[in-house]
Every structure is written in structure tokens, then in C-alpha cells.
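Notes follow once the structure below has been shown.
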Protein chains: 2
Amino acid sequence: MDTSRPGRPGAPVTIGRVAEAAGVSRATVSRVMNGLASVDPELAGRVREAAARLGYEPSTVARSLALGRTGMVAIVVPDLENPMFQRVLHGLTDAAGERGHRLLVAGSNEDVREEVVLAAEARRRCDGLVLCAPRMGTGQLAGMAAKLAPFVLVNREVPGIGAPSLLVDHAAGIRDIVAHLLALGHQRLAYLAGPPTSASNRDRLDALRGYPAGRFELVELECGATFADGHAVADQVLRERATAIVAYNDLVAFGALGRLHELGVEVPGQVSVVGFDDIPFARYTTPPLTTASVPQVELGHQAWHRLWALLERRTPEPDVRFTPRLEVRGSTGPAPGALRYM
Amino acid sequence: MDTSRPGRPGAPVTIGRVAEAAGVSRATVSRVMNGLASVDPELAGRVREAAARLGYEPSTVARSLALGRTGMVAIVVPDLENPMFQRVLHGLTDAAGERGHRLLVAGSNEDVREEVVLAAEARRRCDGLVLCAPRMGTGQLAGMAAKLAPFVLVNREVPGIGAPSLLVDHAAGIRDIVAHLLALGHQRLAYLAGPPTSASNRDRLDALRGYPAGRFELVELECGATFADGHAVADQVLRERATAIVAYNDLVAFGALGRLHELGVEVPGQVSVVGFDDIPFARYTTPPLTTASVPQVELGHQAWHRLWALLERRTPEPDVRFTPRLEVRGSTGPAPGALRYM
DNA sequence: TTGTACGCGTTATCAA
DNA sequence: TTGATAACGCGTACAA
């Protein structure tokens, strides 16, 4: 049988052509290229020379098929344009890249059905999955768990499905924010709610509602997760006469900030604004945004770490929960006409 | 020979198991799954039933090997955290997704060597490549062209290598910006230069230098492409007594804006600031940023369109060149103490 | 240490 | 229309 598979001059250079050129078997070429088994130095030299001369590069696809792994991981996010996810992505690519893994990225555009499809398909193309703030229901996620494994969850927790979670203690972040605002004398807080499908939105809302009655008045306003959403809802805040805005995330806070500026409302003179996440822009707005800082790049690093552990040892590591750090900047100040309590 | 490859219960569901279950050959299953050749309706039904019951999903890797294409394209960018690239990425994923293609993304962190490696490796994993503002030299790019093809260039032009370019007319953008500033009476402009390896930075710089002598004084300051770079260089601008800042991009402009605010310098009262790109944040800063608007999402769409044409017909389409649109917002105003000329 | 031969899961060719 | 069989390119027991 023809074991060397020579091929015509123009044909792609395969392992067979290298073997032929070096006068060895394909198995030997494979061994040399992967540096695994011991090979006679002289043969190895010939192989390397031939490979270099021919410009041979092993087919990743063929390797994937033979090895049963692709060297790729996928990340699925609801919104590709959210800087929060971009930083997580950045941390993830860097960490995975060090282990020779590449990244497949998919954005679901906040569409649950698309998310489900993307996650399943991405998983089949990759060795593992990072599901970033998945919007699908818990049941659906649990139902797909077997098909998706191994995978890790960011900003989402579903016990018992064998997927480690990378969490942010939203409640703690909200508590710090509220404490800060109460200390400044604010009595009436407007929460600009994120997407209803967002687990972190529920966390934050629950934390706000969980406060002992009478500490402050809470105005809940449906909003969203983008600039435009925050921009659109700012007028409502004014109508509600809230003196402070707690935004679902920094993007929403920026939108509100921009609208308030258009209306000539002073921040923080008349209204204070707080965001969540601390995306890079937050410190450069005018005024700089007070926000709960989430270690986004670190989240990406840890996501890879957890996924890697799963890929290697198949034994899930425990969840991690990051506590956001309140970054007090210029967008918060004393409530108008209020006594400061501390 | 065993043509059905039954496999044990726990084993992955392959085409062979479906064939076995449906009592047909693997070839028939393949035909049914791909809906290509005509198959007896009854057999097709049996196959579909078996596939559904077993939860069969064709291996993308095996298909890739057999088909010679992966259904993936890669995008390589210098800076994953630049919203400009994120929007291009967004446009690209959406457009490619409609054709059933997924995206591999790689960020070179502004490192040329890494960029070269990433591009080559990404290409071998995918059917095509989008090189976004590649930092590598023209010679190097031309040298790799054969290995990288098919690919398209964004924000970069290298004639004769068979790669279509998606360009932005930076010179036109700069001309509009300068005309705007001159009309406002500015005489001394500071250009905050981007990375030296950036082609678009050279374009912008050339356009500035190309102005007839005497129209204005140009102060060139080395800067970079990020917030931090712009933030750090703002003091220098003041020392140079420029009345207007032309930033390499919006990010740099934001950084400068932030620093000026910290210093109590009024924008645009004392200094005007102009960006480039018009990333989503630009309209929400305080003051909103005057900038040259680049259709980023459209750039991503067109990148896919060009790449797709290459993948299908192998005949490169002509380059496209987008003309930025000057968005005059609040960050520019009359030069201090100057007469307005129009 | 080296080579043979088979498996990875799919599609494509060609007879039947 | 269907099925056997050969690719696709590589890794790897197993034998030599």
C-alpha cells in the first residue's frame, strides 16, 4: 500500500510528503513533530530539515480528529459590545493562549433561543465552554448540561450540574452602594433595572428590596443594559423625584449621566449616579463614575483556570465569588438639602 | 468488514450508530442529514427518527476534514479592548453567522511578533481571515500573503497581494476636523499620535503635515491608543499651549478629556478636543466628543462580504473606502480669545 | 528505535 | 436510489 502519499507538487504539504522527502515513515515524522517518543537524532534532523524546506505545518483539523480535542474553547456572551464582557474575553484569551488554546466567540444579542443554539454548536467545535451571564432558564441550562460539559459559568449559579461558577457578590456591592448613598443623605433611590432575564439583575434587585423597610424609598424603573436604555429612562427618574440613581451597570449609568447633562441637571449636585462593573470608561467620564468595581480581567483568567482544570482532571473546582470594591468617584455627593449623616 | 461501527452504549453517537439503528448505510445517513441527494422518503424517515432518538449530531471536526473547510473565520486585532474593534467584531459575527460561520478571535496586544504567529495559526484553523489594522510590516505581510489567503484587510492597504481592503479615508476625516477647528479660530493644534506601527496613524499624521504651511501650527506628541495614553499626555498639551487636541482615536481623546477635567481646564472653553472613530461612548461623555465617525459595524459586515466572495468565487472584489462623517458635538468650540472666521 | 496498520467521523465516488 | 469503499491528514498501539 502507498503509505507515503506523495502528492503532486502543487498539492498541500502533508505529513506523507515530509516522510517521503526525509525517507522515513509518517509515524516517525509525527513523532518528531510532537517531540514525544525518542527518535534517532540523525533521522530527526532529516525530518526537521525536510519539514522546514517544504514548509510543512500539521493540519489542526486532522490532529483534532485523531486526538479528540480541538485546542479551542468557546465563550458565549449576551452582548458583544458590553465592555464588561470584552474585558472578561481579554482575560480569557490571554490565559487560554498561554496554554495554546484559541477562542471561539459568539454573541447571542440577548436572545435566549439563539444563545441555546450557539452554546450547543460552539461546544461541538471546542473542548470546553465559558457561558457568560447566560440568559436561558435554569431548567434549560440544567437540561443541556450534559451536552455542554465541560463548561464554566460566569455570573450565574446552577448547583448540581457540575459546572463551576465564577460569581460576583452583587448583594455585597449593592449594600456598599446603598450604605454610601444613605450616608450622603439620600432617601429616595431609583434603581434602573437590567434585562429581566439577567441573573445578576435579580441579585441586585433582591439586595435592594431586602433592606429593612423605612431606610429609604426604592423606585424601580424598567430599563435595560445599554447606553440608550439609561439615556431614555433618565427623565422618568426626575419625575419620580429620586435624588440618586443606582444603575444596573455602568453603561446604563453613562446613558443616564448623558441625559441628565443634556437636561442641565447637575451631577452630583442635584442627582447622584452610581454604576456597576467599573468598566474602563468609568474613571474617565465627567464626573467620574462612582461604581462597584468587578475584577473583570481576573474573572476571565479564573474562568480559564477552572475550565482548564475540568479539561485536565475532569474534577470541578469549587466556585469563586468576587466581592466588588466600591469606587467612590465624582458622580455621587450629598443629597440636595439633606444633612449628611457621616 | 464492520461498516456500521456500533460502539458501546456510552460511546459517542456517530453516524455509524445511526446507520445501524436505521438499518441503512452510513452514506445514506450522510445524505439525509445534508439533504443533498434524493433518498427514499421512508428510509429518510427512519434515519431522521433514529438520529433524533439517539441525539445524533455530526462531528464538525470530521466534517471539516472531509470537506476541507471548517465553517470558521478568524479575526485578528491589535487590541481586544478597543471598542472600535469590538464593533467591527460585532458586525462580522452577525454577518458571518447568517452564513453559518463562526468566529475565532485573537488579540495580539499590539505585539507584532505575536500578531504574525496568531495570524498564521488562526488561518490554519479557519477558512479565511480578517486582519484588522495589522501592525506587521508591509513586506512581512506580503511574504505571508500566500499562507494567509484568503484574507481581507481592514484599515490597511497592501496592493498586489490579492487581499481586498476595507479602508477608511483618514485623510478626509482629518481634513474635516482641521477645517472645523480652523473655522473656530484655532491656530495651534496638538496631534496625539497613535502607535508608530499603526498605518492609520501614519495616514492621519501625513494628512496633518500635508497642510499648506502657515494655516496652523502643528504640535506632534507621541501618545498611544488607550485612555491611559491620552490621560498621561494631556499635561504636555497644556505646556505646548495648543488650543485644540486632535487625538489619534476616541479612547485617547477620552483620556485627555478626563485629565483636563481633573486639572480644571474647561472644554471647549480653554481647549477643544477631537477624537476619531466615534465609538458608542463618544456621544455620552461630558461634553460629548466631536469626532470623525467611522461606520464600524458596517466595516464588519463588509469584511464578511468580501471574505465570503473570496471563499466562494475566489475572485477578489475591489476595495471599499469609507469616508468618515464629522460629528460636531460639545467638545469643540471657539479658540479662546480668537475671532471666529465663519 | 522504526515502520505497519488501523482508527478518528465524515463526505464523495462509483458500482450495483 | 443505495451501499461498499476510498479519501481527508494525523496519532498511535503493536510488531519488528
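Values in this document were obtained by computation on a predicted structure and should not be read as measured data. Both backbone and side-chain heavy atoms feed into the values below; hydrogens, waters and symmetry mates do not.
- Under the rule for a side-chain hydrogen bond (donor to acceptor under 3.5 Å, both in side chains), Gln140(B) has no partner lying at least two apart in sequence or in another chain.
- Taking only side-chain nitrogens and oxygens, Ser59(A) never comes nearer than 4.0 Å to OP1 or OP2 of dC10(D).
- Atom-to-atom, CD of Glu20(B) to P of dG9(C) comes out at 14 Å; the value is rounded to the nearest Å.
- Under the 3.5 Å distance criterion, the side-chain polar atoms of Arg135(A) are left unmatched by any main-chain donor or acceptor of Val112(A).
- At whole-Å resolution of the value, CD in Glu57(A) and P in dC10(D) are 11 Å apart.
- Ion pair Arg26(A)/Glu20(A) not flagged as a salt bridge, since none of the NZ, NE, NH1 or NH2 atoms sits closer than 4.0 Å to an Asp/Glu carboxylate oxygen.
- Computed from C1' positions of five pairs at each end, the angle between the two local axes of the helix from dT1(C)-dA16(D) to dA16(C)-dT1(D) equals 40°, rounded to 10 degrees.
- In this structure, the ring-ring contact (aromatic ring centres under 6.0 Å, His included) partners of His101(A), at least two apart in sequence or on a different chain, are Trp304(A), Trp308(A).
- The closest side-chain heavy-atom distance from Asp111(B) to Glu115(B) is not below 4.5 Å.
- Residue Ser38(B) is the one, among Ser38(B) and Leu65(B), whose nearest nucleotide of DNA chain D lies closer to the 5' end (criterion: closest heavy atom).
- Across all strands shown, Val61(A) has no heavy atoms under 4.0 Å from either base or sugar-phosphate atoms.
- Each of Leu43(B) and Thr60(A) lies near DNA chain D, and the nucleotide nearest Leu43(B) is the one positioned closer to the 5' end.
- Legend: residues meeting side-chain hydrogen bond (donor to acceptor under 3.5 Å, both in side chains) with Gln302(B), ordered by chain and number and at least two apart, are Glu298(B), Arg306(B).
- Annotation: the span from Ser198(B) atom OG to Glu110(B) atom CD amounts to 8.0 Å, rounded to 0.5 Å.
- Here CD1 of Ile161(A) is found 8.5 Å from OG1 of Thr138(A). Values are rounded to the nearest 0.5 Å.
- Checked against dC10(D), dT1(C), dG3(D), the side chain of Ser25(B) finds its nearest nucleotide in dG3(D).
- Atom CZ of Arg124(A) and atom P of dG9(C) are 14 Å apart (whole Å).
- Atom P of nucleotide dT1(D) and atom CZ of Arg46(B) are separated by 16 Å, given to the nearest angstrom.
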Pairs: protein N or O with nucleotides 11-13 of chain C N or O, under 3.5 Å:
from: dT11(C); atom 1: OP1; to: Asn34(B); atom 2: OD1; distance (Å): 3.4
from: dT11(C); atom 1: OP1; to: Asn34(B); atom 2: ND2; distance (Å): 2.9
from: dT11(C); atom 1: OP1; to: Arg63(B); atom 2: NE; distance (Å): 2.8
from: dT11(C); atom 1: OP1; to: Arg63(B); atom 2: NH2; distance (Å): 3.2
from: dT11(C); atom 1: OP2; to: Ser30(B); atom 2: OG; distance (Å): 2.7

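- Note on residues 72-91 of chain B: pairs passing salt bridge (Lys or Arg N to Asp or Glu O under 4.0 Å), not counting sequence neighbours, are Glu81(A)-Arg87(B), Arg87(A)-Glu81(B).
- Computed from coordinates, the Arg17(B) CZ to dG7(C) P distance equals 17 Å when rounded to whole Å.
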